[in-house]
Amino acid sequence: MSQSSCRQSIYALAVLVCRANTISAWMLPSNVASRHVLPPLTMPFSPLECQSSFRTTSNYISCRGRSRCRGSSTRVFSSIEPKWWNKRDIRDLPYDSALRALQAYHEENGDLAIPGTFVVPDTNEYPVEWHGVKLAKLYNLKWWNKHIAQHTDRVAELNQLGFIWERLQPQWNLFMEGISHYRNIYGNVMVPASFVVPRHDENWPKACWDLPLGSIVQRLRLRHDFLTGENAFQRKKQLDGVGFVWNVSEYKFTRFFRALRHFDRLAREHSSSREHSIRVPSKFEVPSGHEHGWPPDLWLYPLGAKCMAVRQKQLYVKSHPHRKQALEDIGFRWSGNAKLGWLEVVQAAAIYSQMHGRVLNVPFNFVIPTPPRDAESNSQYVDSWPWPERLWGLKLGQRLKDVRLKGAYLKGPDAHVRKAQLDNLGFVWNPKRGRRCYIEQDQREHD
């Protein structure tokens, strides 16, 4: 017998051995073998598949003892599971088979908004040739042209199942439709990486349900998916038109910078202070509503928390000296509100102590006064006012009361230094009883 004839005989033997249902029942337990339905004998085999099957089967038959062969049984039948069809073009599968797969999915889920990651399970409800295949591959123009375009009756059958014809368009068009809807709903296109278009949401078209919009956005920024070839320039223009953010870090800093400048502008409108510095309370959050004078895209922005993060963690400015310089140019304070608050208190306390004979016994309701209104137009009078403009309106009495009763400003490594500063100014730690009369008398003196 020639060598080629011998090889063909071996291949034929391997096919017969691999397809034998009796061997399947013998090699696999009953509860496993029942789930492995063998494909019809008419399915063609390639020589490479036959050779691999023959080699694995030969190793199995040569085993002595059934216990030694249990590990190789899985290898034998892994090649004849329905996952063969994963590598095949779904256009080669008959339309009737695809229709049964769609009907099975519709019975389980109630619609045909098939996620791109859905893989047909190995169950009796689905045709065996579809086991292990991504069913969403049916939403493909090539499949449509081959099986549907010339058959109006099939269009009616798919319409009854709720086939989503809009999903036959290219993936780029679906993405642009999804990103446009995201912008209409949320007001921006800062899509979180984990965002997936929700199902059964009336705000979203069915064609976009289960679309991994956040993942696509990430791949656009990092790998420039969809942005190669002759359509790259046009697609970039489309993305710029919807406000796509290419540099997330720069976008976040720009938003913080805008909020900071807007806060400074509003603060200047409500204050007569000429000091060029920005001081944002740590818990400040941009109010919502047009009556507050803030643009809608900044509503509920946690500006106070962001300022603390910039000071303490170098948020947005680490390795970006030009950003740090831009913040300094508009008067951003790097030392923080707590330290600045103590500097204001100790400066005001020093002036008060000097005015009262080196005694710092401030009434609890004392507030740093401003110049009389009739003197505000006289710059010379304002310049001679003993209290600096940056201290006008400071509730010095309440601040020092908090120092006395709550230990305000006296915590941390600088506590002993600050106590010494107050002692040098003549601070009264334990005021005498009957202070009410003294307070009234002190107020009359100031009036």
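Counting begins at 1 with the first residue of the sequence.
No side-chain heavy atom of Asn203 sits less than 4.5 Å from a side-chain heavy atom of Tyr182. The shortest distance between side-chain heavy atoms of Leu102 and His106 does not fall below 4.5 Å. Within the 4.5 Å cutoff, the side chain of Gln171 has heavy atoms near those of the Ile216 side chain. Residues His356 and Asn361 are not in side-chain contact: their nearest non-hydrogen atoms beyond the backbone lie 4.5 Å or more apart. Counting only heavy atoms from C-beta outward, the side chains of Val346 and Arg418 never approach each other to under 4.5 Å. In this structure, Arg219 and Leu227 have side chains that are not in contact, with every pair of non-hydrogen atoms separated by 4.5 Å or more. Between Asp414 and Tyr409, the closest side-chain pair of non-hydrogen atoms is not below 4.5 Å. Asn109 places none of its side-chain heavy atoms less than 4.5 Å from the side chain of Ile114.
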Arg323 vs Glu250, side-chain contact (heavy atoms from CB on, under 4.5 Å): CA-CA, chis, key distance, verdict: CA-CA 10 Å; Arg323 295 180 181 177; Glu250 188 66 27; 2.7 Å; yes
CA sep, side-chain torsions, deciding dist, call: Val217, Phe244, side-chain contact (heavy atoms from CB on, under 4.5 Å): CA-CA 9 Å; Val217 168; Phe244 188 80; 3.8 Å; yes
Starting from the C-alpha separation in whole Å, work towards a yes-or-no answer on side-chain contact (heavy atoms from CB on, under 4.5 Å) for Phe332 and Val317. CA-CA 13 Å; Phe332 182 75; Val317 298; over 6 Å; no
In sequence, state the C-alpha distance, the side-chain angles, and the governing distance for Val155 and Trp144, and then conclude on side-chain contact (heavy atoms from CB on, under 4.5 Å). CA-CA 10 Å; Val155 174; Trp144 153 268; 4.2 Å; yes
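Taking the centre and axis of the six-membered ring of Tyr139, the NZ or CZ atom of Arg167 falls inside the cone set by 45° and 6.0 Å. Stacking of Arg279 on the aromatic ring of Phe284 is not recorded, the 6.0 Å distance cut-off and the 45° axial limit not both being met. A cation-pi contact, defined as under 6.0 Å to the ring centre and within 45° of the axis, is absent between Lys306 and Phe256.
A donor-acceptor distance shorter than 3.5 angstrom exists from the side chain of Trp385 to the backbone of Pro369, with no hydrogens or angles considered. Between the side chain of Arg255 and the backbone N or O of Asp297, at least one donor-acceptor pair lies under 3.5 Å. Remark: side-chain polar atoms of His131 are paired, donor with acceptor, to backbone N or O of Thr123 under 3.5 angstrom.
Relative ring orientation between Tyr126 and Phe118 is described as tilted, the plane-to-plane angle lying within the 30° to 60° band. Ring geometry, His320 versus His322: the interplanar angle exceeds 60°, so the pair is classed perpendicular (tilted spans 30 to 60°). In this structure, Tyr352 and Trp387 have tilted ring planes: the angle between them lies in the 30° to 60° band. Relative ring orientation between Phe226 and Trp172 is described as tilted, the plane-to-plane angle lying within the 30° to 60° band. Ring geometry, Phe195 versus Trp204: the interplanar angle falls from 30° to 60°, so the pair is classed tilted.
Nearest approach of Cys307 to Leu260, heavy atoms of both residues: SG-CD1, 3.7 Å. Residue Ala113 comes nearest to Tyr105 through the heavy atom pair O-OH, 3.6 Å, listed as atom of the first residue, atom of the second, then distance. In terms of heavy atoms, Met176 sits closest to Val242 at CE-CG1, 4.3 Å. Pairing each heavy atom of Pro115 with each of Asp210, the nearest pair is CG-OD2, 3.6 Å. Listed here is the closest heavy atom pair of Trp246 and Leu220: CZ3-O, 4.2 Å. Contact between Val345 and Leu396 at its shortest, heavy atoms only, is O-CD1, 3.9 Å.
Atoms NE2 and OG1, on His224 and Thr228 in that order, are 10.5 Å from each other to the nearest 0.5 Å. Note that CG of Leu315 is 12.0 Å distant from CE of Met308, once rounded to the nearest 0.5 Å. Remark: Leu298 CG to Phe263 CZ distance equals 13.0 Å, nearest 0.5 Å. To the nearest 0.5 Å, atoms CD (Glu230) and CZ (Arg235) are separated by 9.5 Å. Atom CG of Leu327 is separated from atom CZ of Arg261 by 11.0 Å, given to the nearest 0.5 angstrom. With values rounded to the nearest 0.5 angstrom, Leu112 atom CG is found 8.0 Å from Leu135 atom CG.
Of the charged side-chain nitrogens involved, at least one lies within less than 4.0 Å of a carboxylate oxygen, so that Glu269 and Arg265 count as a salt-bridged pair. Checked for salt-bridge contact, Arg268 and Asp264 meet the test: a charged N lies under 4.0 Å from a carboxylate O. Asp92 and Lys146 are joined by a salt bridge, as a carboxylate oxygen and a charged side-chain nitrogen come within less than 4.0 angstrom of each other.
Asp201 and Trp209 form no side-chain donor-acceptor contact under 3.5 Å, judged by distance and modelled atom types alone. With no hydrogens or angles considered, no side-chain donor-acceptor pair links Asn173 and Glu177 at under 3.5 Å. Between Thr254 and Arg258, the side chains place no donor N or O within less than 3.5 Å of an acceptor N or O (distance only, hydrogens not considered).
His262 pairs in a ring-ring contact (aromatic ring centres under 6.0 Å, His included) with only one of the listed residues (Trp299, Phe257, Trp294), which is Trp294.
Counting non-hydrogen atoms of other residues, nucleotides and ligands closer than 6.0 Å to CZ of Arg221 gives a total above 12. Other residues, nucleotides and ligands contribute more than 12 heavy atoms inside 6.0 Å of the CD atom of Glu285.
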